[in-house]
There are 2 protein chains.
Amino acid sequence: MVEYLSDRLDATFAALADPTRRGMLATLATGDQTISDLAAPYAMSLAAASKHVKKLEAAGLVTREIRGRSHICRLDAAALREAHAWTERYQKFWAGRLDALEAALATDIHKPERTEND
Amino acid sequence: MVEYLSDRLDATFAALADPTRRGMLATLATGDQTISDLAAPYAMSLAAASKHVKKLEAAGLVTREIRGRSHICRLDAAALREAHAWTERYQKFWAGRLDALEAALATDIHKPERTEND
DNA sequence: TAAATATTCAACCATATGGTTTAGTATCTT
DNA sequence: AAGATACTAAACCATATGGTTGAATATTTA
């Protein structure tokens, strides 16, 4: 099963589209955290926070190491690289460097049966 | 009504989390397009494509100029700057430049009643 | 062993999302 | 004026999302 760039971008951007999850990533940037740690700042159940972490994990933004009864989460910023690279192209557009944008578009990875640069 | 960074990021990332919409942005990077132009590559109704464009517009990624019966869409990459800036911080993390990350986190814009860097 | 702790699972709920179809509103063309 | 074109609106549908609560599982502590 090949996992396509597009699918990973879907998951990554969707994971980032929630302020709770972005906050969790910010917390993780300061160091590894348990689920409880990550849940603490939010007015929601542990179960709800647990689901958020699971979504971050599914997007590859977070890895989990189970140690005893604690689940220790670690930021894995690698998945963000693709998202960052995607937005990068439009930054170039915004900056007026259309030549650079076109060069970037020309090097796109394509998913079969889809014609656009997604 | 102040519109908070977090809310705009929600809308931007959510808009980017769909391959149809990312494809539309890629098309728009090559020049202005009508709704029909944007819809053409996809196997969906015009109405469905129209909804996608509306979401891009709501996220501030696209502007629309109505000329006669045609709606001409233009890429507005400005909204992407915040998303790009957000992911930028984690790029620094990934690159091992933790000092730079911490500096970036320290300059965050905060929404009242929320403590995290979202 | 019993109780507390850390977390997930399952069922449920309200709302959002992405699609459809049909109808409606302008605008352009003939 | 009539018809074609470009699009939006509204109603509808299936599934996803983000939350809840209560129960289950594992592990640590007393």
Side-chain angles (χ1 to χ4, degrees), chain A residues 6-25 27-28 31-59 61-74 111 113-114 116 118, chain B residues 6-25 27-28 31-59 61-74 111 113-114 116 118:
Chain A
S6 184
D7 298 325
R8 278 195 308 257
L9 280 177
D10 288 0
T12 303
F13 282 128
L16 295 179
D18 182 284
T20 299
R21 289 191 292 264
R22 288 197 304 278
M24 286 176 166
L25 291 178
T27 301
L28 284 166
D32 297 356
Q33 312 283 336
T34 65
I35 304 287
S36 301
D37 291 339
L38 291 173
Y42 303 99
M44 66 178 65
S45 67
L46 227 207
S50 167
K51 284 194 203 172
H52 280 300
V53 174
K54 195 151 61 170
K55 193 152 288 195
L56 289 169
E57 208 182 354
L61 293 164
V62 159
T63 58
R64 177 192 309 240
E65 181 200 345
I66 299 176
R67 201 175 331 176
R69 61 186 167 181
S70 293
H71 295 207
I72 298 164
C73 301
R74 170 166 296 145
K111 178 174 176 177
E113 297 311 305
R114 289 191 51 81
E116 312 74 30
D118 57 354
Chain B
S6 184
D7 298 325
R8 278 194 308 257
L9 280 178
D10 287 1
T12 303
F13 282 129
L16 295 179
D18 182 284
T20 299
R21 290 191 291 263
R22 288 197 304 277
M24 286 176 165
L25 291 178
T27 301
L28 285 166
D32 297 356
Q33 312 283 336
T34 65
I35 303 288
S36 300
D37 290 340
L38 290 173
Y42 303 100
M44 66 178 64
S45 68
L46 225 208
S50 167
K51 284 193 204 172
H52 280 301
V53 174
K54 196 151 63 169
K55 193 153 288 196
L56 289 169
E57 208 183 354
L61 294 165
V62 160
T63 58
R64 178 193 309 239
E65 181 200 345
I66 300 177
R67 199 173 334 176
R69 60 188 167 181
S70 293
H71 295 208
I72 297 164
C73 301
R74 169 166 297 144
K111 178 174 177 177
E113 298 311 305
R114 289 190 52 82
E116 312 75 30
D118 58 354

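Just so it is clear, the values below take in all heavy atoms, side chains as well, and ignore hydrogens, waters and symmetry mates. Numbers restart at 1 for each chain; the letters A, B, ... are given by sequence-line order, proteins then strands.
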**OP:** May I ask you to test the Leu16(B)-Arg21(B) pair for a side-chain heavy-atom distance under 4.5 Å?
**Re:** no

Original post:
Just how far, in rounded Å, is P of dA16(C) from CG of Asp18(B)?
Top reply: 18 Å

Original post:
So what does Leu46(B) hit on the nucleic acid, given a heavy-atom distance under 4.0 Å: a base, only sugar-phosphate, or nothing?
Top reply: base

Original post:
Within the structure, does a side-chain N or O atom of Lys55(A) lie under 4.0 Å from either OP1 or OP2 of dG18(D)?
Top reply: yes

**OP:** Could you check which of dA9(D), dT17(C), dG19(C) has an atom nearest any side-chain atom of Lys51(B)?
**Re:** dG19(C)

**OP:** Please determine, for the side chain of Arg69(B), which listed nucleotide (dG18(C), dC28(C), dT29(D)) has the closest atom?
**Re:** dC28(C)

Original post:
Between Arg67(A) and Glu65(A), is the closest basic N to carboxylate O distance under 4.0 Å?
Top reply: yes

Original post:
Hey, is the main chain of Ser6(A) close enough, under 3.5 Å, to the side chain of Arg22(B) for a donor-acceptor pair?
Top reply: yes

**OP:** Starting from the 5' end of DNA chain D, give me the residue, Arg67(A) or Ala17(A), whose nearest nucleotide shows up first.
**Re:** Ala17(A)

Original post:
Lys54(B) has a side chain; which of dC9(C), dT7(C), dA9(D) sits nearest to it?
Top reply: dA9(D)

Original post:
Please give, in whole Å, the distance from dT7(C) C1' to Glu57(A) CD?
Top reply: 13 Å

Original post:
So, do Asp32(A) and Cys73(A) sit near enough that their side-chain heavy atoms are less than 4.5 Å apart?
Top reply: no

Original post:
Between dT7(C) atom C1' and Ile72(A) atom CD1, what is the distance in whole Å?
Top reply: 13 Å

Original post:
Choosing from dT17(D), dT5(C), dG19(D), which nucleotide comes nearest the side chain of Ala48(A)?
Top reply: dG19(D)

**OP:** Calculate the interatomic distance between Phe13(A) atom CZ and dT17(C) atom P; express it in whole Å.
**Re:** 17 Å

Original post:
Of the candidate nucleotides dT7(C), dG18(D), dA4(C), which contains the atom at the shortest distance from the side chain of Ile35(A)?
Top reply: dT7(C)

**OP:** Starting from C1' on dT21(D), measure out to CE on Met44(A) and report it in whole angstrom.
**Re:** 15 Å

Subject >> Rounded interatomic separation in angstrom, taking NE2 from His71(A) and P from dT25(D) >> reply: 15 Å

Original post:
Touch check for Ala47(B), heavy atoms < 4.0 angstrom, all strands: base, sugar-phosphate only, or nothing?
Top reply: base

**OP:** On DNA chain D, check which nucleotide each of Gly68(A) and Ala49(A) is closest to and give me the residue with the more 5' one.
**Re:** Ala49(A)

**OP:** Write down the distance between OH (Tyr42(B)) and P (dG18(C)), rounded to a whole number of angstrom.
**Re:** 14 Å

Original post:
With respect to Leu38(A), which candidate in Gln33(A), His71(A), His52(A) satisfies the side chain to side chain contact (heavy atoms under 4.5 Å, CB included) definition?
Top reply: Gln33(A)

Original post:
dG19(C) P sits how many Å from Arg21(B) CZ, rounded?
Top reply: 8 Å

Original post:
Which is true for Ser45(A) with a 4.0 Å heavy-atom rule: it touches a base, it touches only sugar-phosphate, or it touches nothing?
Top reply: base

